[in-house]
Amino acid sequence: MTEQKTINQRSDTEELLSRMKEQYSKLSKGQKRLAEYVCQNYDKAVFLTASKLGEIVGVSESTVVRFAIQLGYKGYPSFQKALEEVVRNKLSSIQRMEVTHGRISQPQILESVLQSDIEKIKTTLAEVDPHVFYEAVDTILNAKHIYIIGIRSCAPLAMFLNFYMHLICDHVTLINTTGSTEIFEQLIRIGEEDVMIGISFPRYSVRTLKALEFASSRKAKVITLTDSVHSPMTLYSSCNLIAKSNMVSIVDSLVAPLSVINALVVALCMKRQNEVISTLETLEDIWGEYQVYSGDELNRVNDIFSTKLTEEKGKKYE
């Protein structure tokens, strides 16, 4: 079953390129030029309109549309969406920088990046499945042990989730990902009463995928936070939280995934409100005693200053 799912996932990722190879002999001369251009320049073609792509290759816009239909797509928008899936997994960091440099001018950087992040959150809100979200909440609350993994640019997301999960649940482990073998050593006791939360976005981490595969093989429940139902992360999970990330940028835009994590933490807190309040009350006492926050330190300084001032006044009137 797993092997078949892997094959299906691979075909989803490479579907467009496979279709072009299979249909190449049946294409017209103009369509063959289109296929060759797209194969060699998919990172540029994904941003072109049908008319612009036709202009570059030297064919009409209608030829581009017929090319998309010949490949089995409803039209050019469907073809372009399929091309996005290919690009999402194939762009290198250098290519991302080149594309970003070509699309955004220096004075527009702040506005463009923030506006893009806003759109990602809006899209995530419109497409997220509330039933899956609350299934994830219940799965976490019923788990005996919770494991969290996120690698490279996703590591801060995993650390953020881990920080708040420790305030809500017992037995939470953030997987140390410095080496692939160490991951399995940390997961050696995972079982069917446990849950693994995996976080990964393009370009997907192989180590994260292997960790999810291992957890699934041990019959642990798997929750993923990723960008698409076509993500390879969904191979090992039946509970997939989908959040949109930026497809082409030197910096991965993970604003929408962080918002989903925030919502997850809030939902968990609401479910365990009494326990969380008790934990926070205890922590507030500890934080105050050990001056964890700057306010505590200032209060402590004021207390010391007031005490010294009182002592000095007492000496003055002795």
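In what follows, every heavy atom counts, from backbone to side chain, and hydrogens, waters and symmetry copies are set aside.
Using a 4.5 Å cut-off on side-chain heavy atoms (C-beta onward), M233 and T208 make contact. The shortest side-chain heavy-atom distance between R33 and V59 falls under the 4.5 Å cut-off. Counting heavy atoms from C-beta on, the side chains of L161 and L157 never come closer than 4.5 Å. Counting heavy atoms from C-beta on, the side chains of L235 and L212 never come closer than 4.5 Å.
The salt bridge (charged side-chain N to carboxylate O under 4.0 Å, His left out) test applied to E127 returns K244, not counting sequence neighbours. Qualifying ring-ring contact (aromatic ring centres under 6.0 Å, His included) partners for Y76, counting only residues two or more places apart in sequence or in other chains: F79.
Scanning both residues, S228 and T234, for their nearest heavy atoms gives O-CG2, 3.8 Å. Closest non-hydrogen pair, A50 versus V64, comes out as O-CG2, 3.5 Å. When all heavy atoms of M20 and L71 are compared, the pair lying nearest together is CG-CD1, 3.6 Å. Nearest heavy-atom pair, T124 versus A256, reported as atom, atom and distance to 0.1 Å: OG1-CB, 3.5 Å. Of all the heavy atoms in I151 and S205, the pair that sits closest is CD1-OG, 3.5 Å. The minimum heavy-atom distance between L264 and A136, with the atom names listed, is CD1-CB, 4.5 Å.
Under the side-chain contact (heavy atoms from CB on, under 4.5 Å) test applied with I149, the options N162, I183, I199, I197 reduce to a single match, I183. Partner of C239 under the side-chain contact (heavy atoms from CB on, under 4.5 Å) criterion, chosen from I223, D138, V222: I223. Each of Q31, E36, K32 was checked for a side chain to side chain donor-acceptor pair (under 3.5 Å) with Y24, and the lone residue meeting it is E36. No option in S231, S245, S237, S200 other than S231 meets the side chain to side chain donor-acceptor pair (under 3.5 Å) test with T226.
Rounding to the nearest 0.5 Å gives a distance of 8.0 Å between NE2 of H166 and CD1 of I148. C154 contributes atom SG, which lies 10.0 Å from atom OH of Y204 (distance to the nearest 0.5 angstrom).
S253 and D117 share a side-chain donor-acceptor pair at under 3.5 Å. Using modelled atom types and a 3.5 Å distance limit, the side chains of D129 and Y134 yield no donor-acceptor pair. Side-chain contact annotation: T63 with S60, donor-acceptor N/O pair under 3.5 Å present. Side-chain contact annotation: Y73 with Q80, donor-acceptor N/O pair under 3.5 Å absent. Side-chain contact check for E182 and Q186: no donor-acceptor pair (N or O, by modelled atom type) lies under 3.5 Å.
Within the structure, the salt bridge (Lys or Arg N to Asp or Glu O under 4.0 Å) test picks out no pair touching residues 146-173 (sequence neighbours left out).
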I'd like to know whether K52 forms a salt bridge (Lys or Arg N to Asp or Glu O under 4.0 Å) with E55, so could you lay out the CA-CA distance, the side-chain angles of the two residues, the decisive distance to 0.1 Å, and finally the verdict. CA-CA 5 Å; K52 187 63 177 178; E55 179 185 334; 3.7 Å; yes

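Figure legend: cation-pi geometry between R189 and Y147 absent, as NZ or CZ is not positioned both under 6.0 Å from the six-membered ring centre and within 45° of its axis.
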